[in-house]
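Notes follow the structure.
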Amino acid sequence: MRLSNTLIPTLRDAPQDAEIESHKLMMRAGLIRKLGAGLYTFLPMGLRALRNVERIIREEMARAGAIEVLMPSLQPREIWETTGRYETLKKSMFRIRDRQDRDMVLGPTHEEVITELVSHELNSYRQLPRTFYQIQTKFRDEIRPRFGLMRAREFIMKDAYSFDLDWDCLDRSYQAMYAAYQRIFERCGLRVKIVEADTGAMGGNASHEFMVLAEAGEDGIVECESCAYAANVERGERALTPAVEEPAGAGLVDVATPNARTIEEVSKFLKLPARRLIKTLIYLADGKPVAALLAGDRDLNEIKLRKALGCTELVLADAAQVESATGAPVGFAGPIGLTIPVIADAGLQGRASLAAGANKADTHLVHVSVTRDVGAARFHDLVNAKTGDACPRCAAGKLREMRGIEVGHVFKLGTKYSEAFHAAYLDANKEKKTMIMGCYGIGVTRTLQAIIEQSHDENGIIWPAGVAPFLAAVLPLSPNETCMNTALKLEEELIRAGIDALVDDRDERPGVKFKDADLLGCPIRIVVSDRSLAEGKVELRKRSEKTSQLVPLEEAVSRVETLFS
RNA sequence: CGGGGCGUAGCGCAGACUGGUAGCGCGUUUGGUUCGGGACCAAAAGGUCGAGGGUUCAAAUCCCUCCGCCCCGACCA
């Protein structure tokens, strides 16, 4: 491909709305352009790389025995009502009406569609197990689209669904997908961390996320320094050092703490470290107030709290609700004397000599003993694990926090969807059984951006060979016909060898071509110029390396081939 | 949805407080010189200043309404 015959609009400066490196580079290298919030056009370079990711996925899905289908994005409301998700996902779905006033949705995912299909088409144990997948555009009305393709409103996803005979069978399907995912991300040049994940609203009982470690990642991860344990913070646990009962000590004392509301202010005022304070948060669980207790140096995990309470809706109480529940303004809530239910983080069990709000304006209590003063509370794991906590799996390990971009997610779903759609089969004994499902997603467009986030330098993108839009960039440097013709001939030979090459045939100075070549990030750069041509040679350089080598012109193609064999 | 910020040429920005009819760098076009890490000289094109309304002799600038975009938070398969 000649650069002058395509559209690769590189930018010297990144648009001001691009925040993270990968987003800036996708804009600067002319991969994508924005149409609106969370809506992007793929330009030729972006599309070529995207197709490469898709190709890798298709190859690995085929190897794992999954079957490709393509389902509609536009879906009738009814199938969403079948599973009750028309209500639960209402806010995140784009909903539209057709000319007959029928309610439709733009599919945010396809469990309903595939299960509806399978319920009609598969009905014998002889036809199972089966795994279907598609690569399809999804639509989600994200509260806040951000970071380019990382969280878009329209994006491409590979989603796969397994239909199994029983739970053992599901385990095998799950394993096959898990292994396929490892291969896919490896071939994409990504280093991924596989973590235990929360199953969220999808239901099901086991789940792993494939995370690309990156500072810009939206997900928090905790991992053990010495064993294999790693989990999304949504679910990550910590080992509790056996609850040593601290002596209760002196009785409760009121202390005036004027205007000290936050943990930081109270800590400073009482000269106590945050971990000796009890943070009391008032929540409304399905509309009813409840107090959640945790140590001052901890962050509450709402997913854990919701599970512990067994409620569906959980919102932090507003100032008025806090005041009516505790009798004190926000900042002075404490567990003692509360009439609402109290639930406490297990890490507080046995602790003493703590401080807590007194449920009275400008007042805190000191010498609080959890056992003596808050004994009636229920204890559950309610907080996020953090760096330095003990590993829940191995004795010695300490946890550390990291951030990641979720590029893949595998779930054991169970029967939530197969039951709703009566996806069942007859077994060898003519008994009717419900299929067991798994589902497996890869954010394809997000993966593309994650590759750039993980593989770039100050000059631009460094494409891994498997996904590069072009494997080689050919730069005719000298402004004469010999040089240009040599470059074009080289391109032909590369194509004949099955290597996609991009020839920078623009009438530009060397510096411009070098800068753009670095920005575009093709794995191999071939410089053709009078200087080396005089000796019958061209210059080869890997994008990932600083040094180049001179090779005879006629050997150039074979040298490129060996670099990637 | 709450908080904050932004919207002026393709991109990055100044001008706004203190109203007087729009500017800089890069990019683009033409001509010339140049040619190994974003060249130089000369000439030029390109803007309903996000939209609508108001105040004023006069609005990019002041006021009101709306729209779009970004960040933090809440939220979320």
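Checking A39(B), C71(B), A74(B) against the side-chain heavy atoms of Glu19(A) singles out C71(B) as nearest. Checking G38(B), G37(B), C70(B) against the side-chain heavy atoms of Lys34(A) singles out C70(B) as nearest. Comparing atom distances between the Leu519(A) side chain and each of G37(B), C69(B), G38(B) picks out G38(B) as nearest. Nearest to the side chain of Arg525(A), among C71(B), A74(B), G37(B), sits G37(B). Listed nucleotides G36(B), U28(B), G38(B) differ in distance to Leu477(A); the shortest reach to its side chain belongs to G36(B). Side-chain proximity of Arg509(A) to G73(B), U34(B), G36(B): nearest is U34(B).
Residue Met93(A) is out of contact with every strand shown, counting any heavy-atom pair closer than 4.0 Å. Heavy atoms of Phe147(A) sit under 4.0 angstrom from primed sugar atoms or phosphate atoms, though from no base atom. Here Pro9(A) lies out of heavy-atom contact (under 4.0 Å) with every strand. Within the 4.0 angstrom heavy-atom criterion, no nucleotide atom of any strand lies near Arg33(A). Residue Arg541(A) is classed as a base contact, given a heavy-atom separation below 4.0 Å to a base.
Nucleotides C66(B) and A43(B), compared at atom C1', are 43 Å apart to the nearest Å. When the P atom is compared between U28(B) and C64(B), the two are found 42 Å apart, to the nearest whole Å.
Comment: Glu142(A) engages Arg151(A) in a salt bridge, judged by a side-chain N to carboxylate O separation of less than 4.0 angstrom. At a threshold of 4.0 Å, the pair Glu209(A)-Lys193(A) does not count as salt-bridged, since none of the basic side-chain nitrogens sits closer than that to a carboxylate oxygen. Ion pairing between a basic and an acidic side chain is recognised when a charged N comes within 4.0 Å of a carboxylate O; Asp159(A) and Lys138(A) show such pairing. Under 4.0 Å is where a charged nitrogen must lie from a carboxylate oxygen, and between Glu196(A) and Arg235(A) at least one such pair does. Between Arg543(A) and Asp457(A) there is a salt bridge, with a side-chain nitrogen of the basic residue lying less than 4.0 Å from a carboxylate oxygen of the acidic one. With salt bridges taken as basic N to acidic carboxylate O contacts below 4.0 Å, none links Arg2(A) and Asp504(A).
Between Arg153(A) atom CZ and C76(B) atom P there is a gap of 19 Å when expressed in whole angstrom units. Between the CG atom of Leu281(A) and the P atom of A74(B) there is a distance of 12 Å, given to the nearest Å. Separating the CD1 atom of Ile143(A) from the P atom of A74(B) is a distance of 11 Å, rounded to the nearest angstrom. Between Arg28(A) atom CZ and G27(B) atom P there is a gap of 14 Å when expressed in whole angstrom units. If you take CD of Glu142(A) and C1' of C1(B), they are 15 Å apart, rounded to a whole angstrom. Computed from coordinates, the Glu234(A) CD to A74(B) P distance equals 12 Å when rounded to whole Å. Asn480(A) places its CG atom 14 Å from the P atom of U34(B), with the value rounded to the nearest Å. In this structure, the CD atom of Glu458(A) is 15 Å from the P atom of G38(B), given to the nearest Å.
With sequence neighbours excluded, the residues forming a side chain to side chain donor-acceptor pair (under 3.5 Å) with Glu116(A) are His120(A), listed by chain and number. When the side chain to side chain donor-acceptor pair (under 3.5 Å) test is applied to Lys537(A), no partner is found at least two apart in sequence or on another chain. Every side chain to side chain contact (heavy atoms under 4.5 Å, CB included) that Val315(A) has, sequence neighbours left out, goes to Leu284(A). In this structure Lys158(A) satisfies the side chain to side chain donor-acceptor pair (under 3.5 Å) test together with Tyr181(A), sequence neighbours excluded. Taking Ala285(A) as the reference, Val290(A), Leu309(A), Cys311(A), Leu314(A) meet the side chain to side chain contact (heavy atoms under 4.5 Å, CB included) condition, with sequence neighbours excluded. Residues passing the side chain to side chain donor-acceptor pair (under 3.5 Å) test with Asn485(A), sequence neighbours excluded: none.
Using a 4.0 Å cut-off on heavy atoms, the residues of residues 36-44 of chain A that approach RNA chain B are Gly36(A), Ala37(A), listed by number. Within residues 294-310 of chain A, the residues approaching RNA chain B are Glu302(A), by heavy-atom distance under 4.0 Å.
Across the strands present, C62(B) finds its partner in G54(B); the criterion is a Watson-Crick or G-U wobble pair with both atom distances under 3.5 angstrom.
Note: Phe139(A) and Phe94(A) have perpendicular aromatic rings, judged against thresholds of 30 and 60 degrees for the angle between ring planes. Note: Phe185(A) and Phe210(A) have tilted aromatic rings, judged against thresholds of 30 and 60 degrees for the angle between ring planes.
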Output one line per pair: protein atom, nucleotide atom from nucleotides 30-33 of chain B, and distance, for all N/O pairs under 3.5 Å.
none

Each nucleotide N or O in nucleotides 8-14 of chain B that has a protein N or O under 3.5 Å away: list the pair and distance.
| from | atom 1 | to | atom 2 | distance (Å) |
| --- | --- | --- | --- | --- |
| C11(B) | O2' | Asp13(A) | O | 3.4 |
| G12(B) | OP1 | Gln16(A) | N | 2.6 |

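Within the structure, the side chain to side chain donor-acceptor pair (under 3.5 Å) test picks out the following pairs touching residues 4-14 of chain A (sequence neighbours left out): Ser4(A)-Asp505(A), Thr10(A)-Asp516(A).
Remark on RNA chain B: of its neighbouring residues Met157(A) and Arg144(A), the 5'-side contact belongs to Arg144(A), judged by nearest-heavy-atom nucleotide. In terms of position on RNA chain B, the residue among Asn459(A) and Arg151(A) whose nearest nucleotide sits closer to the 5' end is Asn459(A).
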Output a table of donor-acceptor pairs, distance under 3.5 Å, between side-chain atoms of residues 438-445 of chain A and any protein atom two or more places apart or on a different chain; print 'none' if there are none.
| from | atom 1 | to | atom 2 | distance (Å) |
| --- | --- | --- | --- | --- |
| Tyr440(A) | OH | Ser162(A) | OG | 2.7 |
| Thr445(A) | OG1 | Ile156(A) | N | 3.2 |

